[in-house]
Undergrad: 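Please find one structure pasted underneath; my questions will follow.
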Amino acid sequence: MFGSRHRRSVRPRALSLGLLAGLAALMLGGCVVDRESDPGQTNQIGEEVREFDLTQPPSRQEVGLPEGKSQVTYQLPDRQPFPVRVRLPGEHVIDLAVRQVGVDAMAAADPATGPPTTMDIYYYLPDVAAARDHLLALAEEYEFDREPVERWYQDAQAGPPVAGPPAVRTPWLSSSVGYLRLQVRGRYAPPVDEVDPGQVVVHYALSWDPAD
C-alpha cells in the first residue's frame, strides 16, 4: 500500500477487515500475553495516514501518550480501517490499514509518566489463506520459522478444534529489529453460526526496553 519493495516494507496481500477488540499485549521479560485491557485514552483520528517512527525509542509525545495515562488507543469513530505506517530500524516499514493501534508504557517503572514500551497492531484479513501468505512474507523478511505458519494453516483448514480453546493460533514468531523485539501471531476463530468478518487476525507486538 505504502512504501516499496526496496524499502522492505510489509505490504498486505488482501484488504484488512477489522480489529480484535478488547485485547492488547503486555510484554514483560520478552514474552507476550493476551489480556483484557482498559483502553485508556482513545484518540479519534481522521482519514490521514497515522505515522509512527520507531527507528529509535519514541517519547510519549511522539506516540501521543498523554501524561497520567498508561496507554493510548487510536481508532476512527466508526471503527473503520485507517492507514498506519510504522518505520522500524533497518529501513523496515509496516504499512497496514487497521481499525486500532495501541501504545502503552506498562513496562516502565511508572506507566503513567514513563516512556512508551509497547505498540500493538491487529491486522484483520478476509480468510486464513490470506493470513498465511502475509505471515510467510513476514517470515521471509524477518527470518521467522515458516513451519508453524504452515501447520497453523492446516489446523485452521481442518475446522473448529474438538477440544480446548475455540481459536486456532500460531505460536509467537519472534525477531529482533534493531533495539525492537518484534513478535507476530496468527489467530483464526472459526464461525459459530455464520461467517464473521473478524475471524482472522495477525497480531503485531513491538516492544522495547524503557529508557528510564
Side-chain angles (χ1 to χ4, degrees), residues 1-25 37 39-66 69 71-104 116-142 173 175 177-178 180 182-187 196-208:
M1 293 171 52
F2 308 101
S4 60
R5 182 64 179 171
H6 76 274
R7 284 176 15 182
R8 297 184 292 177
S9 75
V10 177
R11 302 175 64 177
R13 298 182 177 224
L15 295 177
S16 63
L17 299 179
L19 178 85
L20 181 63
L23 290 178
S37 167
Q41 176 78 19
T42 298
N43 284 5
Q44 305 290 1
I45 66 173
E47 297 288 347
E48 77 280 1
V49 178
R50 173 63 60 173
E51 294 202 21
F52 297 94
D53 185 354
L54 300 187
T55 56
Q56 59 186 0
S59 67
R60 294 178 68 95
Q61 182 179 9
E62 287 170 333
V63 296
L65 186 57
K69 296 288 185 178
Q71 52 192 322
V72 61
T73 301
Y74 290 93
Q75 65 183 24
L76 294 176
D78 58 2
R79 292 179 176 263
Q80 291 301 304
F82 63 95
V84 169
R85 178 181 294 125
V86 184
R87 301 186 184 280
L88 309 181
E91 298 186 355
H92 293 275
V93 181
I94 298 173
D95 282 329
L96 299 172
V98 303
R99 288 187 179 179
Q100 187 175 350
V101 174
V103 182
D104 70 62
T117 56
T118 304
M119 174 178 290
D120 290 284
I121 305 168
Y122 294 85
Y123 173 49
Y124 272 72
L125 296 108
D127 53 47
V128 177
R132 176 200 57 189
D133 291 347
H134 187 76
L135 286 167
L136 290 177
L138 293 176
E140 180 179 356
E141 179 167 2
Y142 296 104
L173 308 173
S175 183
V177 186
L180 292 170
L182 169 64
Q183 295 179 283
V184 296
R185 187 180 202 180
R187 177 181 181 272
D196 181 346
Q199 291 171 237
V200 185
V201 62
V202 173
H203 176 185
Y204 288 73
L206 295 153
S207 68
W208 54 96

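Note that the coordinates shown come from a computational prediction; the quantities given were computed from them, not determined experimentally.
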Undergrad: What closest approach, in Å, do F82 and Q100 show between heavy atoms, and which atom pair accounts for it?
TA: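 Shortest heavy-atom contact: CE2-N, 3.9 Å.
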Undergrad: Side-chain contact test, heavy atoms from C-beta onward, threshold under 4.5 Å: evaluate it for Y204 versus L138 and give yes or no.
TA: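 Yes, at least one pair of side-chain atoms sits under 4.5 Å.
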Undergrad: If you measure from OH on Y74 to CD1 on I121, what distance do you get to the nearest 0.5 Å?
TA: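 Output value for this atom pair is 12.0 Å.
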Undergrad: Decide yes or no for F52 and V101: does some side-chain heavy atom of the first lie under 4.5 Å from some side-chain heavy atom of the second?
TA: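 Sidechains of V101 and F52: in contact.
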Undergrad: Mind checking the CD-CG spacing from E141 to L88? Nearest 0.5 Å is all I need.
TA: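 Going from CD on E141 over to CG on L88, the span is 8.5 Å.
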Undergrad: Measure the shortest side-chain to side-chain distance between Y122 and V98 over non-hydrogen atoms and say whether it is less than 4.5 angstrom.
TA: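 A side-chain contact is absent here, since even the closest heavy-atom pair is not under 4.5 Å.
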Undergrad: Looking at every non-hydrogen atom in both residues, tell me the closest pair between D120 and D104 and how far apart they are.
TA: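 Between these two residues, the closest heavy atoms are OD2-OD2, 4.2 Å.
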Undergrad: How long is the span from the CG atom in L125 to the CG atom in D133, to the nearest 0.5 Å?
TA: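 Answer rounded to 0.5 Å: 9.5 Å.
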Undergrad: Which value, rounded to the nearest 0.5 Å, describes the distance between I94 atom CD1 and L54 atom CG?
TA: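 Answer rounded to 0.5 Å: 8.0 Å.
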Undergrad: Write out all pairs satisfying salt bridge (charged side-chain N to carboxylate O under 4.0 Å, His left out) with one or both partners inside residues 51-60, taking only residues at least two apart or from two chains.
TA: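 Every salt bridge (charged side-chain N to carboxylate O under 4.0 Å, His left out) pair that includes a residue of residues 51-60, provided the two are not neighbours, is E51-R85, E51-R87, R60-E67.
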Undergrad: Once rounded to the nearest 0.5 Å, what's the spacing between atom OG1 of T117 and atom CD of Q71?
TA: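 The distance works out to 10.5 Å.
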Undergrad: Partners of Q56 by side chain to side chain contact (heavy atoms under 4.5 Å, CB included), sequence neighbours excluded?
TA: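 Counting only residues at least two positions away or on another chain, Q56 forms no side chain to side chain contact (heavy atoms under 4.5 Å, CB included).
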